[in-house]
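When a ligand or atom number is given, it counts from 1 through the structure's own listing order.
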Amino acid sequence: MRILAIAAEAAPYVKVGGLADVAGMLPRQLARMGARVDLLLPGYRSVLLQGHPFEPAGEVEFPYHGRTARVRLLRMHLEDGLTVTLVDEPAAFGREGVYDDPVTKEGYRDNPERFAFFSRAAAEVAVRELPDVVHVHDSHGALVPGMLRVVVPHRLLRAPVTVLTIHNLAHQMQCPPEVLFAVGFPRELFFPLGPLEFHGHGNFLKAGIWFSDAITTVSERYAHEIQDGELGCGLDGLLRTRRGDLLGILNGIDTSVWDPARDPLLPANYDVNDLSGKRVCREELLRAAHLHAPDQVPVIGMVGRLADQKGLDVFAAAAGRLAELPVRFTILGSGQEKYHRLMNDLARWRPDKFSVYLGFHDELAHRIEAGADFFLMPSRFEPCGLNQMYSMRYGTLPIVRRTGGLADTVRDVEEAPADGTGLAFAAPDADALIGKVHSAIRLHRNEPLRREVQRRAMTQDFSGERQARRYLELFEHLLRRRGS
Ligand code: ADP
Ligand code: GLC
């Protein structure tokens, strides 16, 4: 099976959020299971500067804005069955940021043009290489399935089956319709309620949902949540019409990168049978965070994008009362300016309780996962969430809002004493959050129970193999359905 995977970020080359972890690992897992995978990424300047052995792999050309665009491809063979290909277009990708301008912290205004161009080049790669499956991630590649159906179909000897994975329905990439026409979508397809139109604008993700053979989300619960109400983000109606082709496949995690027994970024390693190294990690984390916490006082970690999605308004509303409890917070994140201010204010106000690092820091993320006792994710919505899985593997018990993938991966130990793996609260409000922090404090003091819950959490199977197997089954099913 030959798979063309298309994403805007993939670890270890370029990472903004969890999409990178998944888009980076899944192709590797699929290749290990015998598929041949080419992972197509934009040729960001930062990636080109990393010095990987990319080699020229020819050019693709296509009509663009009344001229012929010619784009160089660069390719690297990684391991058996796995290549990474870059679309080398300096005008679109030869700049500092991935989605946002690092100075203004705002999204680049021409993001729709950049990713429409990338997608158009991707469609040409599909024409040239004829994969069996085209697997696109999120809005950035979501135009490709439609392009294969209506822009280049006459040049495809055999139509690949197409799968769109929605990592976050809230980011749809809306644009002026001209952006879509410039990459070859016919004007006739832009009409109210049609495949390309969304309240008068173009919409990449809508086109992807419309044209893909199957749509996946990154957890089962999220696949249901987006079919109605607020989390449907205006596309719930369309998603309901496609419900037969929509399914949730829970993300896996890269257990070679996230393994407390081998993680080279930790001051000490440990495993489920011997947690002494975790104590060292805790002490080191407290030292680096300039915090003091006796053993019975739990350290609560937070790592992530500082965005509305992550429930930081709920955390802000709770912070005053949390500061009065016997807990410490170590927080790492970057994102919206208002939350940078909030975090700085907290750290200045109660440096004995809140330690904050603003920025992207992979090593610190690992050290918090290992050194904290609990890990807080009060998300308003969470398509999957990876950090709660990382934290469980590191014996750091998650405290999560029960939504999306958080609900699918964390069992509340107060509700399910026999097999709970963390703590989960339902309402997105300060009282519910504080209630669970009280539970965490009690659990922390009950050493035998805490050890048992840690043991369960650390031995959960969140492996990438499980996820990749489900994708292979889906691809095989679609290929059979198509009749090949
Ligand atoms: P999302 O994709 O919505 O941001 P996930 O939980 O799926 O949330 O994935 C976030 C990923 O990004 C995790 O691997 C997390 O460790 C990482 N991450 C987020 N913010 C930071 C940061 N400031 N520094 C280091 N890693 C971060
Ligand atoms: C998105 C979601 C997150 C998910 C990640 C990887 O960024 O916000 O919940 O874990 O994608 O699928």
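When each atom of ligand 2 is checked for a heavy atom of N168 under 4.0 Å away, the hits are 8 (O). Heavy-atom contacts of Q309 reach the following atoms of ligand 2: 8 (O) (cutoff under 4.0 Å). Of all atoms in ligand 2, numbered sequentially from 1 with element shown, those under 4.0 Å from a heavy atom of V218 are 12 (O).
The residues K15 and D21 are annotated as salt-bridged, a charged nitrogen and a carboxylate oxygen being separated by less than 4.0 angstrom. Between E283 and R287, no side-chain nitrogen of the basic residue sits less than 4.0 Å from a carboxylate oxygen of the acidic one, so the salt-bridge criterion is not met. A salt bridge links K436 with E414: the closest approach of a Lys/Arg side-chain nitrogen to an acidic carboxylate oxygen falls below 4.0 angstrom. In this structure, D352 does not pair ionically with R328, as no charged nitrogen and carboxylate oxygen lie closer than 4.0 Å.
Regarding atom 9 (O) of ligand 2, its nearest protein heavy-atom neighbour is E382 OE2, 2.5 Å. Among all protein heavy atoms, the one lying closest to atom 11 (O) of ligand 2 is H167 CB, 3.3 Å.
Evaluation of the salt bridge (Lys or Arg N to Asp or Glu O under 4.0 Å) test over residues 381-398, restricted to residues two or more places apart or in two chains, returns D259-R393, K310-E382. Residues in residues 245-255 take part in these salt bridge (Lys or Arg N to Asp or Glu O under 4.0 Å) pairs, two or more places apart or across chains: R28-D254, R242-D245, D245-R481. Counting only residues at least two apart or in different chains, salt bridge (Lys or Arg N to Asp or Glu O under 4.0 Å) contacts with residues 398-411 comprise R402-E415, R411-D419.
Checked against a 3.5 angstrom limit, the closest N/O atoms of G18 and ligand 2 fall outside it. An N or O contact shorter than 3.5 Å links N251 to ligand 2 by distance. For ligand 2, the polar-atom distance check finds an N/O of C384 within less than 3.5 Å of one of the ligand's N/O atoms.
More than 12 heavy-atom neighbours from other residues, nucleotides or ligands sit within 6.0 angstrom of CD on E473.
A donor-acceptor pair is defined here as one N or O able to donate and one able to accept, closer than 3.5 Å; such a pair exists between the side chain of R95 and the backbone of A92.
Contact between G385 and ligand 2 is present, with at least one heavy atom of the residue lying under 4.0 Å from the ligand.
Ring geometry for F354 versus F315: interplanar angle over 60°, hence perpendicular rather than tilted (30 to 60°).
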Give one line per pair: atom of ligand 1, protein atom, distance. Only N/O to N/O under 3.5 Å.
residue: ligand 1; atom: 2 (O); partner: G18; partner atom: N; Å: 2.6
residue: ligand 1; atom: 3 (O); partner: R305; partner atom: NH2; Å: 2.8
residue: ligand 1; atom: 3 (O); partner: K310; partner atom: NZ; Å: 2.8
residue: ligand 1; atom: 4 (O); partner: R305; partner atom: NE; Å: 2.7
residue: ligand 1; atom: 6 (O); partner: L386; partner atom: N; Å: 2.9
residue: ligand 1; atom: 7 (O); partner: L386; partner atom: N; Å: 3.4
residue: ligand 1; atom: 8 (O); partner: K310; partner atom: NZ; Å: 3.2
residue: ligand 1; atom: 9 (O); partner: G18; partner atom: N; Å: 3.2
residue: ligand 1; atom: 14 (O); partner: K15; partner atom: NZ; Å: 2.8
residue: ligand 1; atom: 14 (O); partner: D21; partner atom: OD2; Å: 3.1
residue: ligand 1; atom: 16 (O); partner: N387; partner atom: OD1; Å: 3.2
residue: ligand 1; atom: 23 (N); partner: G359; partner atom: O; Å: 2.7
residue: ligand 1; atom: 24 (N); partner: H361; partner atom: N; Å: 3.0

